[in-house]
Amino acid sequence: MTEQPTIPSPGRTDLATITYVHGAGPATDTSTPAAAPALGGKTEEERAAVVESARQVLEGRVTSAPVTLTKESSADFDAFDDRPLIPAWMKSGEGVAMHAGVVYRARVRAYRRWVRRQRTDRGHVAQFKRGSRRIGDWVKGFEGIQLQAAGHQAHIAAKEARSAARSARFTPALLKNKKTAALQAADRTQTVAMKAIAEHKKLKMARRRAHSLRVGVAYGPPAAALGAGYLQAGWFGASAGALATFAGGAFAGRHPISEETDWSADWRSLGDGDPMTAPMLDSVFQAAKVIGSDESLRVVQMPMLDARGAWSAVIDLPPGIAAKKAMRASAEIASALGVEEAQVNMAKSKEKGGRAGRLEIYVAKELPFTEKAAPGPLLAHEGATNFWGPISIGPDVRGLARTIAVVERSGLVGGEPGAGKSASGNTILLAAAMDPRVRLVLADGKAGGDLTPFEPMADAFEGDADPEAFLDMLDGYVIPDMKRRYAFLKKINRRKVTEELANKYPDILGQLLLWVDELMYYTTDDELGKKITKRLRNIVSRGRAAGIITFCATQKPGSDVVDTSLRDLLSIRWALRCTTPEASDTILGKGAAAAGFSAKSIESEMRGAGFLWAEGSNPYLVRADYYSDDEVEVLAQRAIELRRAAGTLPDGPKSLADRLREQGEDDARVLAVLVDVFAAFDQQAKEDDETAEVDWLPGTVLVDSLKAAGLEVTPEKLARLVVREPDEKKKRSWADSPSALNGYPLAAVLRTVQTKYSLSA
């Protein structure tokens with residue numbers, strides 16, 4: 001409606017404003033001016049003027065004044081035309097566009113509802129199946145049951161008639177009464193049998209006619225539609241006929257009934273291809289007994305499908321329920337989702353700062369880590385790596401690359417045989433080998449050749465699974481190196497090794513990686529196992545600040561294999577597939593399996609996969625980057641070239657004398673000369689007799705050799721340096737000397753080297 005201008009009456013200026021509807025019709029009498037006094041008048045005359053103006057309006061004797069549009073307004077969008085429920089502005093271009101947009105959005109919403117409905121028992125496909133069943137049941141009808149009953153009755157009646165006839169035939173005529181009764185029974189049963197047979201034939205014919213009629217009614221129109229459509233328009237017409245048939249079947253089954261309800265469809269599961277929804281998550285967590293039947297989850301991030309076909313969602317558990325409870329029930333949740341336990345990955349979400357009851361659930365489309373592994377990133381890496389920075393480990397279940405930092409850390413890799421420990425260890429070993437600054441000390445307790453490609457780069461290597469040789473390597477190289485590092489740090493007034501210090505003093509403070517494969521072969525030795533454990537505990541606890549990184553790999557790191565005092569110091573834990581949750585806990589720590597992190601859940605097809613606990617509060621499932629044997633050889637050769645160019649490639653195993661000279665002390669140089677002298681005399685003796693062995697030399701020979709080497713050492717100083725036992729001071733004959741000479745046994749020299757510098761031959 002629109003407000004019309006005031007029409008003044010003669011002598012009046014306070015007439016009422018009249019509002020009318022367009023299209024009310026022109027006034028029949030225009031002689032009388034339209035006037036409407038204001039209702040606010042207080043006198044009788046004013047009220048009478050208002051009533052009169054209203055009467056003129058009702059009688060149709062008021063003509064509307066033309067509406068003059070101002071320049072500021074080009075149209076009156078509130079004006080109605082002859083259709084009072086449609087505003088005039090709806091006829092404009094903008095109005096038509098808006099109406100079309102509303103219709104389009106309504107159609108889109110209707111289409112989406114239709115798509116969602118197709119997955120339910122009210123979808124058109126479900127309706128067509130239901131209609132097909134109903135039509136089929138109608139075509140079959142109930143005559144079959146009646147026919148079967150009539151046939152059974154006819155069969156019984158005929159059997160009784162034959163029996164009665166046989167009885168009448170063989171009843172003797174002398175027994176007149178019995179003969180008569182038998183004949184009457186035979187006639188009676190024969191009559192009943194004939195009626196039953198006739199009824200059966202009648203029902204059979206009726207069933208055939210009814211069935212044929214229903215077949216024609218039910219399947220005739222579809223066949224006619226398909227045939228006529230094909231004849232009229234070929235395959236296009238046949239398709240139209242099929243669509244019409246489908247519509248008819250869907251119409252027949254449009255209303256489901258309780259007897260036909262497919263109750264299995266009510267249970268939605270990801271394993272059956274159903275999408276993850278909020279109601280599904282509620283039912284899953286209720287079935288897993290994580291939440292009560294009357295509780296529900298709060299969805300923080302709606303379920304989403306990623307490019308890998310996996311579903312993920314962020315949810316808040318009801319108040320009072322921690323995320324750990326759900327993580328402990330991972331097996332039950334996986335069962336409710338209809339997938340394998342290894343496909344479900346749950347972790348405390350950090351969404352919006354994270355909460356104790358906020359959980360992120362990720363469900364892989366298929367069993368993770370069963371597809372072919374992608375090429376390792378080191379194959380495409382040009383130049384040297386940086387072992388001080390993050391090290392690529394491999395992808396997690398979401399396909400995201402995971403890295404760890406090993407600076408001031410130590411690690412433990414464990415799992416059953418065939419779980420992929422060697423392949424997993426290659427990710428760390430190759431990263432260290434391709435950093436020319438890192439020194440390698442390797443021990444292969446399996447003696448299987450897994451560490452052979454790295455042997456040319458190792459400063460010390462033990463590949464025979466010999467506990468005694470491994471202990472000598474720790475005592476003769478690693479522990480002295482650690483002492484030397486701490487002495488140097490103390491000298492330069494630093495507390496620990498940093499990358500800056502390692503680059504400034506590479507020969508002394510460069511990183512050192514001690515890798516022990518199959519640790520159990522060393523620590524379970526009856527004689528040397530405890531000594532080896534003690535040395536490793538010393539290296540792990542003190543070596544991290546000195547730039548020494550220790551990694552141990554073993555099949556079952558129980559307390560009988562790795563003492564708990566050593567195992568608890570290894571901060572990086574990598575649990576590959578284990579046979580029991582207890583074995584998994586020996587790697588990840590007690591209670592990890594109960595919290596939902598059990599390597600027992602890793603399937604055998606997921607080779608190289610394991611729970612890695614390096615950063616964060618919880619372990620995460622990751623598969624190590626895989627490098628084949630040929631790729632390891634290629635990368636090892638590349639690492640050798642990098643070390644050769646950097647001048648850090650070891651020349652080979654250093655002799656005891658060379659290691660003594662590296663100490664940089666006068667006593668060490670003296671002992672180095674003594675060791676060389678014993679070696680020279682021993683080699684000379686073996687030239688004459690291969691079984692000969694020089695284990696004692698006169699003091700004069702040793703002093704002369706020291707002077708020849710430029711070291712002024714008196715016999716007294718030599719005696720103070722190399723302390724002999726009382727029985728070792730006994731004089732011996734030497735060569736052509738007429739008298740016995742005072743000398744030094746090789747054992748005394750080696751004992752001094754071991755005591756003073758912790759070095760062994």
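Along the sequence shown, residues are numbered consecutively beginning with 1. Keep in mind it's a predicted model, so treat the numbers as computed, not measured.
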_Less than 4.5 Å apart, side chain to side chain, heavy atoms only: is that true for Ile548 and Arg485?_
yes

*For residues Glu462 and Phe470, report the shortest heavy-atom separation together with the two atoms involved.*
CG-N, 3.8 Å

*May I ask you to check whether Asn742 and Arg732 show a side-chain donor-acceptor distance below 3.5 Å?*
no

*Does any N or O in the side chain of Thr427 come within less than 3.5 Å of the main-chain N or O of Ile393, such that one atom is a donor and the other an acceptor?*
no

_Using the rule given for ring pair (Phe, Tyr, Trp, His ring centres under 6.0 Å), can you reason through Phe488 versus Tyr505, listing the C-alpha separation, both sets of side-chain angles and the distance that settles it, and then say yes or no?_
CA-CA 10 Å; Phe488 188 80; Tyr505 307 103; 4.8 Å; yes

*When you measure from the side chain of Asp435 to the backbone N and O of Phe387, does any donor-acceptor pair fall under 3.5 Å?*
yes

*Less than 4.0 Å between a side-chain N and a carboxylate O, is that true for Glu416 and Lys600?*
no

*asked:* Taking Ser604's backbone N and O only, do any of them form a donor-acceptor pair with Arg607's side chain (distance below 3.5 Å, no angle check)?
replied: no

*Is a side-chain donor-acceptor pair under 3.5 Å present for Tyr627 with Glu633?*
no

*OG1-CG distance between Thr752 and Leu759, expressed to the nearest 0.5 angstrom*: 12.5 Å

*Looking only at heavy atoms, which two atoms of Asp568 and Arg573 are closest? And how far apart?*
CA-NH2, 3.6 Å

_To check you understand the geometry: which heavy-atom pair defines the closest contact between Gly415 and Ile587, and what is its length?_
N-CD1, 4.0 Å

*asked:* Please check this pair: side chain of Asp481 against backbone of Tyr477, looking for a donor-acceptor N/O pair closer than 3.5 Å.
replied: no

_Check: Arg623 side chain, Gly608 main-chain N or O, donor-acceptor pair, under 3.5 Å_ = no

*Side chain of Asp585, backbone of Ala593: donor and acceptor closer than 3.5 Å?*
yes

*Side chains of Asp525 and Ile532: closer than 4.5 Å at any heavy-atom pair?*
no

_From CZ (Arg659) to CG (Leu671), nearest 0.5 Å_ = 13.5 Å

_Looking at Leu649, is its backbone amide N or carbonyl O close enough to the side chain of Arg644 to form a donor-acceptor pair, meaning the two atoms are under 3.5 Å apart?_
no

*Just by modelled atom types, is the Val438 backbone N or O under 3.5 Å from a matching donor or acceptor in the Arg643 side chain?*
yes

_Looking at Ser628, is its backbone amide N or carbonyl O close enough to the side chain of Glu631 to form a donor-acceptor pair, meaning the two atoms are under 3.5 Å apart?_
yes

*For atom CG of Asp727, decide whether the heavy atoms of other residues, nucleotides or ligands shown that lie under 6.0 angstrom number more than 12.*
yes

*Using salt bridge (Lys or Arg N to Asp or Glu O under 4.0 Å) as the criterion, list what pairs up with Glu408, not counting sequence neighbours.*
Lys496, Arg544

*Does NZ or CZ of Arg724 come closer than 6.0 Å to the centre of the six-membered ring of Tyr744, within 45° of the ring's axis?*
yes

*asked:* Can you tell me if Glu641 has over 12 outside heavy atoms packed within less than 6.0 Å of its CD?
replied: yes

_For a 4.5 angstrom cut-off between non-hydrogen side-chain atoms, does Leu702 reach Ser705?_
no

*asked:* Quick check against the 3.5 Å criterion: does Tyr486 have a side-chain atom that pairs as donor or acceptor with the backbone of Arg542?
replied: yes

*With side chains defined as the heavy atoms from C-beta onward, is the minimum distance between Arg494 and Leu509 less than 4.5 Å?*
no

*Salt-bridge test for Arg577 and Glu605: reply yes if a basic N is under 4.0 Å from a carboxylate O, no otherwise.*
no

*Kindly write out the residues that satisfy ring-ring contact (aromatic ring centres under 6.0 Å, His included) with Phe551, not counting sequence neighbours, or none if the list is empty.*
Trp515

*Does the pair Met457 and Arg439 meet the rule for a side chain to side chain contact (heavy atoms under 4.5 Å, CB included), with working shown?*
CA-CA 8 Å; Met457 295 172 276; Arg439 289 148 56 186; over 6 Å; no

*Leu471 and Arg535: which non-hydrogen atoms are nearest, and at how many Å?*
CD1-CG, 3.7 Å

_Within residues 664-683 or reaching into it, pairs that qualify as side chain to side chain donor-acceptor pair (under 3.5 Å) - sequence neighbours excluded_ = Arg661-Asp676, Glu665-Tyr757, Asp666-Arg669, Asp682-Lys686

*Take Glu382 and Arg638 through the test salt bridge (charged side-chain N to carboxylate O under 4.0 Å, His left out) and record every step on the way to the result.*
CA-CA 10 Å; Glu382 297 181 0; Arg638 190 184 303 176; over 6 Å; no

_Just by distance, no angles: are the side chains of Ser422 and Asp450 close enough, under 3.5 Å, to form a donor-acceptor pair?_
yes

*Specify the closest pair of heavy atoms between Glu518 and Thr554, including all atoms of both residues, with the distance to one decimal.*
OE1-CA, 4.0 Å

_Reference residue Leu442; test side chain to side chain contact (heavy atoms under 4.5 Å, CB included); the match among Leu429, Val516, Leu514, Thr452_ = Leu429

_Leu519 and Leu536, any side-chain heavy atoms less than 4.5 Å apart_ = yes

*Do Leu621 and Asp396 touch side chain to side chain, with heavy atoms closer than 4.5 Å?*
no

*Report yes or no: do Glu341 and Ser330 form a side-chain donor-acceptor pair below 3.5 Å?*
yes

*Kindly compute the distance separating SG (Cys552) from CE (Met520), expressed to the nearest 0.5 Å.*
13.5 Å

*Between Met327 and Phe597, is a side chain to side chain contact (heavy atoms under 4.5 Å, CB included) present by the stated rule, with each step listed?*
CA-CA 8 Å; Met327 294 161 66; Phe597 308 104; 3.0 Å; yes

*Do Leu721 and Val670 touch side chain to side chain, with heavy atoms closer than 4.5 Å?*
yes

*Answer whether the closest heavy-atom distance between the side chains of Lys534 and Lys531 falls below 4.5 Å.*
no

*Can you tell me how far the CH2 atom of Trp696 sits from the NZ atom of Lys730, to the nearest 0.5 Å?*
12.0 Å

*Do NZ/NE/NH1/NH2 and the carboxylate oxygens of Asp444 and Lys446 come within less than 4.0 Å?*
no

*Rounded to the nearest 0.5 Å, how far apart are CG of Leu430 and CD1 of Ile391?*
11.0 Å

*asked:* Measuring from atom CD of Glu603 to atom CZ of Phe369, what distance do you get when rounded to the nearest 0.5 angstrom?
replied: 13.0 Å

*Might you point out which heavy atoms bring Thr385 and Arg437 nearest each other, and give the distance in Å?*
O-NH2, 4.5 Å

